[in-house]
Amino acid sequence: MRFVTYLYDHDIQLGIQIKEWVLDLQRANDYLSGSDHDGSDKSFTSILTSGSITHLMSASPFMRKTRQTIAYIQESLPGAIEALQSEAILLRPDQVSLQPPLTNPGKIICVGMNYPVPGSAVDQRPAYPALFLKPSSTLTGHQQPVTLPRISDEVFCEGELAVVIGRPGKHISAEAALSYVAGYTIANDVGARDLEQRTSQWTTGKLSDTFCPMGPALVTADEIAEPDRLTIRTYINGNLVQSGNTGQMIFSVPYLISYISSIASLSPGDIILTGSPKSINHAPAPTVYLRVGDNISIEIEGIGVLSNHAVAEE
């Protein structure tokens, strides 16, 4: 399943991407249940109203009901498209404003230097993952603007696989790690190089508003069998600026989950950004700084395309 969070009719809603449509789960639930809700439907409605994908995905009964709802709607297509559209159950992409799949995660944990630089020696690779945090205020959604702060002239982008935790854990083994994953999405770890270099820490250059675009959808873990075998590419104005495969990561997804959980408890909705490739066709990738009007697109196999555009800070 491909979960989305979006703005429609002035409200944040939860939905599912079905082909070219966005399925409004709340309206679909009301449509199928009618006015006579049983207790299960009321609970489901409460979860949907909360706008929390995390709550929905962490409860098996609600996930089963979501799958039942999707199955019924899919069986109704294409004959019922007009009726479903008239009830705003099926929405066109241009009718909604996609938000980051998770709008208020507990932790956004980022991994730096997780891909080898072409030509670098093996002994130059880090012994442990380099970790830093981003606040939820950096989040923005698919096709939303990335704001270039006035204080920086060296803003850059990095396309990354994002891992969303689905259940709580501490001291998770690498062997069990993937069972703690709810799903995967695409993230753009935007940074300001000149601000990063002011101190020995990267955080200063990672804090700005909109510096973590994410989306377009959260793809459930059952659809991504091997997160360490995904092609990833980043484009600026159609020009390839980064390319690689998650199989090149120095620290794999299971290792990262295990290592991070040995330091801090992981909770449903926590997000791990796994780093970005440092190459184009095995050559070092150039550093390209964003300018007003630039369009950034990040493609990850099996997940889709996250697109944003750069604007000036007002």
Side-chain angles (χ1 to χ4, degrees), residues 54 100-117 125-141 146-147 149 152 154-165 172 177 180-215 218 227-228 230 232 234 241-242 244 246 248-278 285 287 290 296 298 300 303 306 308:
T54 304
L102 293 98
T103 56
N104 191 28
K107 296 186 283 292
I108 303 174
I109 305 168
C110 306
V111 183
M113 302 186 297
N114 199 27
Y115 283 77
V117 177
R125 299 183 181 185
Y128 297 98
L131 304 179
F132 60 95
L133 298 174
K134 282 196 170 192
S136 59
S137 57
T138 60
L139 288 171
T140 191
V146 170
T147 300
S152 173
E154 297 182 354
V155 176
F156 63 99
C157 61
E158 296 184 290
E160 309 195 2
L161 174 69
V163 180
V164 178
I165 299 299
I172 300 167
Y180 286 78
V181 176
Y184 304 90
T185 188
I186 304 172
N188 185 350
D189 178 20
V190 182
R193 183 62 45 79
D194 44 1
L195 300 185
E196 287 180 2
Q197 293 176 342
R198 289 183 173 185
T199 71
S200 61
Q201 305 295 315
W202 294 328
T203 301
T204 305
K206 300 290 188 177
L207 285 175
S208 294
D209 299 341
T210 73
F211 267 25
C212 193
M214 194 171 290
L218 174 60
D228 293 324
L230 304 176
I232 177 171
T234 300
V241 296
Q242 289 178 328
T246 55
Q248 298 170 321
M249 290 193 293
I250 297 169
F251 302 107
S252 68
V253 170
Y255 179 90
L256 289 172
I257 294 171
S258 178
Y259 177 75
I260 293 168
S261 73
S262 71
I263 299 170
S265 297
L266 290 175
S267 302
D270 285 348
I271 303 170
I272 301 172
L273 273 59
T274 57
S276 64
K278 299 295 183 282
T287 299
L290 297 176
I296 310 107
I298 301 166
I300 297 185
I303 300 178
L306 171 67
N308 300 93

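Values in this document were obtained by computation on a predicted structure and should not be read as measured data. Each residue takes its place number in the sequence, starting with 1.
Residues Leu218 and Gly183 share a closest heavy-atom pair of CD1-C, 3.6 Å. The minimum heavy-atom distance linking Leu207 with Pro135 is given by the pair CD2-CD, 3.7 Å. Listed here is the closest heavy atom pair of Ala187 and Met214: CB-CE, 4.0 Å. The two residues Ile296 and Cys157 make their nearest non-hydrogen contact at CG2-SG, 3.7 Å. The shortest heavy-atom contact between Ile232 and Gly159 is CD1-O, 3.2 Å. Of all non-hydrogen atoms in Pro227 and Leu161, the two that sit nearest each other are O-CD2, 3.7 Å.
Of the inter-residue distances, the one linking Phe211 atom CZ with Thr147 atom OG1 reads 8.5 Å to the nearest 0.5 angstrom. Distance CG/Asp209 to OG1/Thr140: 9.5 Å, rounded to 0.5 Å. The CG atom of Leu256 sits 6.5 Å away from atom CD1 of Ile272, with the distance rounded to the nearest 0.5 Å. Considering CG of Leu131 and SG of Cys110, their distance stands at 9.0 Å, rounded to 0.5 Å. Interatomic distance, Ile271 CD1 to Tyr184 OH, rounded to the nearest 0.5 Å: 14.0 Å. Interatomic distance, Leu102 CG to Thr185 OG1, rounded to the nearest 0.5 Å: 8.5 Å.
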CA sep, side-chain torsions, deciding dist, call: Ile108, Leu273, side chain to side chain contact (heavy atoms under 4.5 Å, CB included)
CA-CA 7 Å; Ile108 303 174; Leu273 273 59; 3.9 Å; yes

Run the numbers on Val181 and Val164 for side chain to side chain contact (heavy atoms under 4.5 Å, CB included), then give the verdict.
CA-CA 6 Å; Val181 176; Val164 178; 5.9 Å; no

Distance-only criterion, 3.5 Å: show the donor-acceptor pairs between side-chain atoms of residues 190-198 and protein atoms not counting sequence neighbours.
from: Asp194; atom 1: OD1; to: Ser152; atom 2: OG; distance (Å): 2.7
from: Asp194; atom 1: OD2; to: Ser152; atom 2: OG; distance (Å): 3.4
from: Asp194; atom 1: OD2; to: Asp153; atom 2: N; distance (Å): 3.0

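Qualifying ring pair (Phe, Tyr, Trp, His ring centres under 6.0 Å) partners for Tyr180, counting only residues two or more places apart in sequence or in other chains: none. Partners of Asp189 by salt bridge (Lys or Arg N to Asp or Glu O under 4.0 Å), not counting sequence neighbours, listed by chain and number: Lys134, Lys206. Scanning for side-chain contact (heavy atoms from CB on, under 4.5 Å) contacts around Ala264 gives an empty result, with sequence neighbours left out. For the ring pair (Phe, Tyr, Trp, His ring centres under 6.0 Å) test, no residue two or more places apart in sequence or in another chain qualifies with Phe156.
A donor-acceptor pair is defined here as one N or O able to donate and one able to accept, closer than 3.5 Å; such a pair exists between the side chain of Asn114 and the backbone of Thr274. At distances below 3.5 Å, not a single donor-acceptor pair connects side-chain atoms of Ser258 with backbone N or O atoms of Pro254. Formation of a donor-acceptor pair under 3.5 Å by the Asn188 side chain with backbone atoms of Cys212 is not found in this model. Under the 3.5 Å distance criterion, the side-chain polar atoms of Ser261 are matched with a main-chain donor or acceptor of Ile172. Distance alone, capped at 3.5 Å, is enough to place a donor-acceptor pair between the Gln242 side chain and the Pro277 backbone. Using modelled atom types, one side-chain atom of Thr246 and one backbone atom of Leu230 make a donor-acceptor pair closer than 3.5 Å.
By the 4.5 Å heavy-atom criterion applied to side chains, Val155 and Ser208 are not counted as neighbours.
Applying the side chain to side chain donor-acceptor pair (under 3.5 Å) test to pairs two or more places apart or on separate chains, those with a residue in residues 262-271 are Lys107-Asp270.
Under the 30°/60° scheme for interplanar angles, the aromatic rings of Phe132 and Trp202 are found to stand perpendicular.
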